[in-house]
Amino acid sequence: MNRFESLRKQMIDYQLQARGLQNQVVLDAVNAVPRENFVPTELVEFAYSDSPLPIEAGQTISQPYIVALMTAALELQGDERVLEVGTGSGYAAAVLAEIADYVYTIERHKILADSARIRLKDLDYKNVQVLQDDGTLGWPEHAPFDAIIVAAGGPDVPETLKQQLAIGGRLVIPVGSNLHSLTLLRIRRIGENEYQQEDLGSVRFVPLIGAAGWEDEAATKL
Ligand code: SAM
């Protein structure tokens with residue numbers, strides 16, 4: 001076992017399982033993704049630390065526990081088509097791609113979308129497509145999705161994303177006006193116009209900026 005494999009194993013034991021995350025499908029997926037390939041070179045020694053880390057464009061790669069928690073909340077079995085809003089480094093997209101049939105991921109910053117695309121290709125992920133766009137509008141050409149994950153905090157749940165869920169599909173998204181204390185929601189589409197909503201706890205995220213998100217970074221400093 002090399003140094004990173006051993007750090008990854010410790011991360012799974014002490015950050016995920018110790019916090020009660022027991023979903024073996026998710027644990028195996030996290031174990032399969034070399035997180036050191038998704039963090040800036042100068043931060044590689046912190047790749048498995050229990051925190052988010054800065055990446056380009058003033059954004060972050062999420063804390064491993066949050067990625068695992070949100071992935072588990074999607075209840076993936078393996079045959080799903082998943083939409084991710086907020087590609088960032090591409091790390092969570094890789095974790096999702098380890099489980100799901102296909103992952104569509106959208107990032108608003110070109111520099112992040114471009115580098116995530118290269119990283120995922122270099123790691124041979126053939127079931128992920130990266131788009132540079134406003135993810136609050138979803139990806140209508142590929143809808144409906146069995147699962148949608150939003151990795152940034154918006155003021156509310158974008159109606160467009162709810163509409164792009166398959167019946168039975170799950171949308172996991174942090175919402176609220178205080179980015180340091182957002183409510184993580186799981187929305188389940190149970191009928192054409194019927195949704196169930198669950199509160200999964202409090203989380204911190206960078207802002208979701210777009211047509212159905214915040215107008216700009218300044219709007220979030222409420
Ligand atoms: N999932 C990422 C990872 O594994 O590295 C972390 C995502 S980071 C916490 C949130 C990302 O959402 C940022 O890269 C940000 O630019 C992006 N974002 C914010 N608003 C967006 C929008 N409307 N559409 C697409 N991406 C958006």
Side-chain angles (χ1 to χ4, degrees), residues 11 26 29-30 32-40 43-44 46-49 51-71 73-74 82-100 103-120 123 125 128-140 142 145 147-161 164 171-176 179-180 182 184 203-220:
M11 182 262 274
V26 174
V30 170
V33 180
R35 189 170 159 92
E36 65 275 15
N37 290 43
F38 293 85
V39 303
L43 296 178
V44 83
F46 304 109
Y48 291 94
S49 62
S51 64
L53 293 173
I55 55 174
E56 285 169 301
Q59 303 303 313
T60 54
I61 170 172
S62 304
Q63 179 190 12
Y65 174 66
I66 293 296
V67 174
L69 179 78
M70 291 175 76
T71 303
L74 294 174
V82 179
L83 173 69
E84 181 194 31
V85 176
T87 315
S89 67
Y91 173 71
V95 171
L96 294 166
E98 288 288 340
I99 308 174
V103 179
Y104 298 91
T105 180
I106 311 178
E107 169 57 52
R108 66 185 280 266
H109 287 290
K110 181 171 178 354
I111 188 165
L112 292 176
D114 288 348
S115 48
R117 197 177 290 118
I118 291 168
R119 235 174 245 137
L120 291 161
L123 288 169
Y125 283 100
V128 187
Q129 206 174 317
V130 183
L131 174 73
Q132 188 229 330
D133 207 339
D134 174 5
T136 67
L137 303 173
W139 198 333
H142 297 296
F145 301 99
I148 302 180
I149 178 170
V150 182
D156 217 333
V157 183
E159 200 50 44
T160 329
L161 296 184
Q164 290 184 22
L171 161 63
V172 173
I173 177 170
V175 294
L179 292 174
H180 297 285
L182 298 160
L184 186 63
V203 287
R204 295 170 69 145
F205 265 99
V206 296
L208 179 69
I209 307 223
W214 297 104
E215 231 171 80
D216 54 36
E217 316 263 346
T220 63

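Remember, it's 1-based here, ligands and their atoms both numbered in the order they're listed. When a residue number appears, it is its place in the shown sequence, counting from 1.
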Colleague: Would you mind listing which atoms of ligand 1 come within a distance below 4.0 Å of any non-hydrogen atom of T60?
Modeller: 6 (C), 7 (C), 8 (S), 9 (C)

Colleague: What part of E107, side chain from CB on, backbone N/CA/C/O, both or neither, has a heavy atom under 4.0 Å from ligand 1?
Modeller: both

Colleague: Among all protein heavy atoms, pick out the one at the shortest distance from atom 21 (C) of ligand 1; state its residue, atom name and that distance to 0.1 Å.
Modeller: R108 CD, 3.4 Å

Colleague: List every atom of ligand 1 that sits less than 4.0 Å from any heavy atom of E84, numbering the atoms from 1 in the order shown and giving each element.
Modeller: 1 (N)

Colleague: Provide the number and element of each atom of ligand 1 under 4.0 Å from a heavy atom of I61.
Modeller: 5 (O)

Colleague: Looking only at protein heavy atoms, which one is nearest to atom 15 (C) of ligand 1, and how far off is it?
Modeller: Q59 OE1, 3.3 Å

Colleague: Going by side chain to side chain contact (heavy atoms under 4.5 Å, CB included), E84 matches just one of V150, I149, V128. Which one?
Modeller: I149

Colleague: What protein heavy atom sits nearest atom 5 (O) of ligand 1, and how far off is it?
Modeller: S89 OG, 2.6 Å

Colleague: For ligand 1, which atoms have a heavy atom of Y91 less than 4.0 angstrom away?
Modeller: 4 (O)

Colleague: Starting from atom 2 (C) of ligand 1, locate the nearest protein heavy atom and write down its residue, its atom name and how far away it is, to 0.1 Å.
Modeller: T87 O, 3.2 Å

Colleague: Nearest to atom 4 (O) of ligand 1, what protein heavy atom do you find, and at what distance?
Modeller: A92 N, 3.0 Å

Colleague: Which option wins on minimum heavy-atom distance to atom 19 (C) of ligand 1: A116, P207, G138?
Modeller: P207

Colleague: Need the ligand 1 atom indices (1-based, order shown) with element for anything under 4.0 Å from a heavy-atom of T136.
Modeller: 23 (N)

Colleague: Keeping R35 on the side-chain end and Y48 on the backbone end, is there a donor-acceptor pair under 3.5 Å?
Modeller: no

Colleague: At a 4.0 Å threshold, what atoms of ligand 1 neighbour a non-hydrogen atom of S62?
Modeller: 6 (C), 9 (C)

Colleague: Are Q129 and H142 close enough that some pair of their side-chain heavy atoms sits under 4.5 Å apart?
Modeller: yes

Colleague: Hey, are the side chains of P34 and L123 touching, using non-hydrogen atoms and a 4.5 Å cut-off?
Modeller: yes

Colleague: Considering only heavy atoms, does L208 approach ligand 1 within less than 4.0 Å through its side chain, its backbone, both, or neither?
Modeller: both

Colleague: State, yes or no, whether a side-chain contact exists between I55 and P40 at a heavy-atom distance under 4.5 Å.
Modeller: yes

Colleague: Check each of G88, P64, G86 against atom 1 (N) of ligand 1 and report the one with the nearest heavy atom.
Modeller: G86

Colleague: What residue and atom, counting heavy atoms only, is the protein's closest point to atom 24 (N) of ligand 1, and at what distance?
Modeller: G135 N, 2.8 Å

Colleague: Can you name the atoms of ligand 1, numbered from 1 with element, that are less than 4.0 Å from a heavy atom of D133?
Modeller: 24 (N), 25 (C)

Colleague: Counting non-hydrogen protein atoms only, what is the nearest one to atom 20 (N) of ligand 1? Give residue, atom name and distance.
Modeller: I209 N, 3.0 Å

Colleague: Can you check whether A212's main-chain N or O pairs, donor with acceptor, with T136's side chain at less than 3.5 Å?
Modeller: yes

Colleague: W139 side chain to Q164 main-chain N or O, any donor-acceptor pair under 3.5 Å?
Modeller: no

Colleague: Can you classify the ring geometry of F38 versus Y91 as parallel (below 30°), tilted (30 to 60°) or perpendicular (above 60°)?
Modeller: perpendicular

Colleague: How about D134 and R108: do any of their side-chain heavy atoms sit closer than 4.5 Å?
Modeller: no

Colleague: Counting C-beta onward and ignoring hydrogens, is there a side-chain heavy-atom pair between F205 and S62 closer than 4.5 Å?
Modeller: yes

Colleague: Under a 3.5 Å threshold, yes or no: a donor from one side chain and an acceptor from the other, between T87 and E107?
Modeller: no

Colleague: Kindly indicate whether the side chain of V175, heavy atoms from C-beta on, has any atom under 4.5 Å from the side chain of L182.
Modeller: no

Colleague: With heavy atoms only and a cut-off of under 4.0 Å, state how H109 meets ligand 1: side chain, backbone, both or neither.
Modeller: side chain

Colleague: Closer than 4.0 Å to some heavy atom of A151 - which atoms of ligand 1 meet that?
Modeller: 1 (N), 7 (C), 8 (S), 9 (C), 10 (C)

